[in-house]
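Report on one structure; see the data block that follows.
Computed from heavy atoms alone, side chains included, the values below leave out hydrogens, waters and symmetry copies. Since the model is a prediction, treat every value here as computed from it, not as a measurement.
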Amino acid sequence: MSQNADESLPTQMVGPARDWLKTLGKYREPDAWRSSFEIAVTLCPFVVLWACAWWALSVSWILALFLSVINAAFLLRLFCIQHDCGHGAFFKNRAVSDWVGRGLGVLTLTPYDVWRRSHAIHHGAAGDLGRRGIGDVQTLTVSEYRALSWGGRLKYRAYRNPIVMFGLGPGYLFLLQNRLPLGFMSQARFWVSAMLTNVVILCALGAIVYFKGLQPILLIFMPTTLVAATIGVWLFYVQHQFENTYWEETPDWDLHDAAFHGSSHYVLPPVLQWLTANIGIHHIHHLYSRIPFYRLPQVLVDCPALGTMNRLTIRQSFAQARLHLWDEERKRLVAFSQIRTPATSAVPS
């Protein structure tokens, strides 16, 4: 399960996380023309493929479905652009970033202001065992898991099961959970964000049904949304759920170390890296989230030592889906099979 020795440098060769902030700050300024270009080359193909899939419904439902699945890649990239807007990294003018993000939130079924707040909490608490619960993947420690009842362990195992995590979970998250400002129910501005997003989505879907019936919903909207959501959940998972990630109790937790050492560098082929807007260069993003995604590759070129940290290839990333518990003693994620639980309450494998 461990990474090969040639795929990561010892920490002392990279240096303390905080020491990189000044260097990374040089890459933070967005370029309005480049940002606008990135939106155009993502949104235009998305709209064109939607239109082609709509036309294809009168020719072949298989062709329409195929185009819809392909279009999921562009919907995913739109979400990544929305993500940069949420960090204020896409335009110098924060209001412009926010309104672009809100518009894209309708397409991604994500209330922008709610998501931006929960994601900010994620960035400010990632790797802190005392502040889990918002914007992260639920992760128990070995001792917490051992202390659970039989039913509690079964529930946690079900949640971490790939069928639930990557099969049922994405649809639940984007189609249902995002419809309410969960975690922020007492704050009016988040209700406004969620409800206005919901109204616009319902109006758009209602217009589609009015003009073409349910076919576009079932063969275009749903496949595009669910495929994009599934890939997005997978990406978020491997960004922090890898063997040598970072978790510490609150007194020992450090924001910069958590960002640097608790985020992976997901090495993808160029086409996939483009479609995911370089989100795999996650350790740099977490350490300095104001860097626009299109500047992240240049950071690796100028600072090659950073490219060797926390590397995960696609093949290696699949193995991370078997790791479910944080071992406090060994400081790594482990599989259920790697721990022992009392025989009287153990859950069968």
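Judged purely by atom type and a 3.5 angstrom limit, Asn198 uses its side chain to pair as donor or acceptor with the backbone of Arg179. A donor-acceptor pair under 3.5 Å is absent between the side-chain atoms of Asn244 and the main chain of Gly262, judged by distance alone. Proximity of a side-chain donor or acceptor of Arg295 to a complementary backbone N or O of Glu29 within less than 3.5 Å is detected. Listed for the Ser263 side chain is no donor-acceptor partner under 3.5 Å among the backbone atoms of Gln239.
Using modelled atom types, one finds a donor on one side chain and an acceptor on the other under 3.5 Å when comparing Arg157 with Tyr145. One side chain, Tyr294 or Ser35, offers a donor N or O that lies under 3.5 Å from an acceptor on the other. Judged purely by distance below 3.5 Å, without hydrogens or angles, the side chains of Asp128 and Thr250 pair a donor atom with an acceptor atom. Tyr112 and Thr197 share no side-chain donor-acceptor pair at under 3.5 Å. Side chains of His286 and His261: no donor on one and acceptor on the other come within 3.5 Å. Counted by atom type alone, Asp302 and Tyr27 present one or more donor-acceptor pairs between their side chains at under 3.5 Å.
The two residues Trp274 and Arg77 come nearest to each other via the heavy atoms O-NE, 2.6 Å. Across Ile291 and Asp84, no two heavy atoms sit closer than the pair O-OD2, 4.3 Å.
Annotation: cation-pi pair Arg102/Trp99 present, NZ/CZ under 6.0 Å from the ring centroid and within 45° of its normal. In this structure, Arg332 forms no cation-pi arrangement with Trp326, as its terminal cationic atom is not both closer than 6.0 Å to the ring centre and no more than 45° off the ring axis.
Under a cut-off of 6.0 angstrom, the local environment of CZ in Arg34 is crowded, with over 12 non-hydrogen atoms contributed by other residues, nucleotides or ligands.
Ring-centre distance between Phe318 and Trp234: below the 6.0 Å cut-off. Taking the six-membered ring wherever Trp is involved, the centroid distance between the rings of His283 and His240 does not fall below 6.0 Å.
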